[in-house]
Amino acid sequence: MSESEEPQEPKDNDQLVQRRANLAALVERGVPPYPQSFRCTDTVSAIVTAHGETGGDDLDTAQIHATIAGRILIIRSFGKARFLVISDGVSRLQVYVRKDALSERDFEIAARLDIGDHIGVEGRLFRTRTNELSVWAGSLEFLAKCLVPLPEKWHGLTDIETRYRQRYVDLIVNPASRRVFETRARVLAAIRNFLVDRGFLEVETPMMHAVAGGALARPFTTHHNALDMPLFLRIAPELYLKRLVVGGVERVFEINRSFRNEGISTQHNPEFTMLEFYQAYTGYLDLMTMTEQMLATVARTATGGEEITVGDNTVSFTAPFRRLRLRQAVSEALTERLGIPVSEDDLRRRETVAALATQVGLEPGGDQGAGKITVDIFEALCERALIQPTFIHDFPTEVSPLSKQRDDDPDTVERFELFVVGMELANAFSELNDPVEQRRRFDAQLRDREAGDFEAHEMDEDYIRALEYGLPPTAGEGVGIDRLVMVLTDSPSIRDVILFPLMRPKDVGGHGDHGDHGEPAEPDPS
RNA sequence: GGGCCGCUAGCUCAGUGGUAGAGCACCUGACUUUUAAUCAGGGAGUCCUGGGUUCGAUCCCCAGGCGGCCCA
């Protein structure tokens, strides 16, 4: 390594240099820098769980020895003694290191440790004078080096961008972040249990679709080289799940990612996790009841109760949830906003509803029908005020190409959305199972698409063919898992509940050695 | 896509048209039951990037990058 040849090289900061020196010093004394493994008898969490309440006298009597491993988060040094706080990612435990209890080699290791290093410790459990549960280290192994300084112990890592880009650092130093993802895991497990208990079969359907259907959204496009065909990342699993109901899977669900090529916000990530479930011989009203039961159960399992604090609000998932027809909600909101009586019938006439929309500051497009305009008004005026769980039901047929119409009202479909703290959490309907009507709906969507609506649904001939085989009366629902977890963890952004949210790439600014290690990419055929 | 805000030491943040500071972290010394350990001393910066104005820019102006919030 020559000096002064590259004066432009960014200088490493003193802490990086120091840490490398500490590692080198250990290697010089024959300590393996990255040993193959370490045999533990316990985890830190297991010790804390088992003995978090055990008194010091009892610990002394029992003489409990344990071998544990973890990452050092705090070092308090007292010359010939040191206190280390180590973590297994969940719990923290203090390790007491003193020179007269260790071999010369092990104390040498202890003296060269940095915050962030991984160590293994064998020792006896005891309580210090300040009653802190601790391990009296009898021996110590170096397990892996942390070459980079961690964020400080008091404030942790608060920079939002770094927390998302380097989630591993966030998880190391912010216990609250770990808890969010533990809650997320409990939510998923609770949902699976709830559905499996009711006879639902969990399946996995394609993520890559030749026709992006099942929702009104713009897809990501990709290309299969061998088949030389365009493919779309799915925007919803809906149409495949209903094919399965045709195939006799009368209760079916999937929990997995969907992808929508749209904006990013505190409520939108391009890839997001959705639960979809379908139950034959069921209507949308049944699903309201089932949704009430499911969310109350999930809230209890994941958080311990049915009341959740979300920002300044307390949300109750105790059934029954409020129910409100969409047109009812919109007509009431318009009546209040404009100070003139607006009826639900007014919302069914395009001229009238378009004029009302203009009066509240919207600009209805010429190609938008009464139904679409009504929904736009709902989103502008009503959505954010729906704090407590509320079913908004009976949507315009025009905006619901996969839903079944009401018997008494062909302009309205048997559909609901669930809103909580102003967010759409779920969307459900009685499934349209008449293949002739389905084709008419797709045709109407195609006309919208030709008029420039890129979110309009595409024609899916195989789906219609499946309906021709006979889809029994079925109701289905999609639940946005990320948003549900946001509510249950009081997280203000969807990025707080997604481990690695999508970010624009940014220079890592490392040490110049971060090239691709994989094989060269295939040439792009296009 | 539009508006507003942010980017300064590893982290959390002050600050200034004249080459920058605190706390934690780091280094040296003291210290064998500490709890944000303590005490004494010390080192550490591409003030996001590029251009402009200026004798002089981290600061003012313009453009760009990344992020956040709000709106669409």
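Labels below follow one simple rule: chain letters A, B, ... track the order of the sequence lines, proteins then strands, and each chain is numbered from 1. Basis for what follows: all heavy atoms, side chains included, without hydrogens, waters or symmetry-related copies.
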With [atom1] as the reference atom in both, quote the distance from [N] to [M] in angstrom, rounded to an integer.
N: B/rU34; M: B/rC66; atom1: C1'; value: 42 Å
N: B/rC70; M: B/rC27; atom1: C1'; value: 46 Å
N: B/rG15; M: B/rG21; atom1: C1'; value: 7 Å

Q: Examine the base of B/rU34 for any acceptor or donor lying under 3.5 Å from a partner atom in the side chain of A/Gln94, and report the outcome as yes or no.
A: yes
**Q.** Heavy-atom donor-acceptor pair, A/Asn13 side-chain to B/rG10 base, under 3.5 Å
**A.** no
Q) Out of B/rG10, B/rU33, B/rG43, which nucleotide sits closest to the side chain of A/Glu152? A) B/rG10
**Q.** A/Asn22, nearest nucleotide to its side chain (from B/rG10, B/rA37, B/rC27)
**A.** B/rC27
Q: Using Watson-Crick or G-U wobble pairs with both distances under 3.5 Å, give me RNA chain B in dot-bracket, 5' to 3', with [ ] for crossers and | for pairs to another strand.
A: (((((((..((((....[..)))).(((((.......))))).....(((((..]....)))))))))))).
Q. Within 45 degrees of the axis of the six-membered ring of A/Phe500 and under 6.0 Å from its centre: does A/Arg167 put its NZ or CZ there?
A. no
Q: Please work out if A/Arg76 contacts a base, only the sugar-phosphate, or nothing of the nucleic acid, heavy-atom cut-off 4.0 Å.
A: base
Q: Have a look at A/Arg495 and say if it touches a base, only the backbone sugar-phosphate, or nothing, with a 4.0 Å heavy-atom cut-off.
A: sugar-phosphate
**Q.** A/Phe78 ring over B/rC31 six-membered base ring, under 5.5 Å and 30°
**A.** no
For residues 359-371 of chain A, tabulate all N or O donor-acceptor pairs below 3.5 Å that involve a side-chain atom, not counting sequence neighbours.
from     : atom 1 : to       : atom 2 : distance (Å)
A/Gln368 : OE1    : A/Gly365 : N      : 3.3
A/Gln368 : NE2    : A/Asp376 : OD2    : 3.4

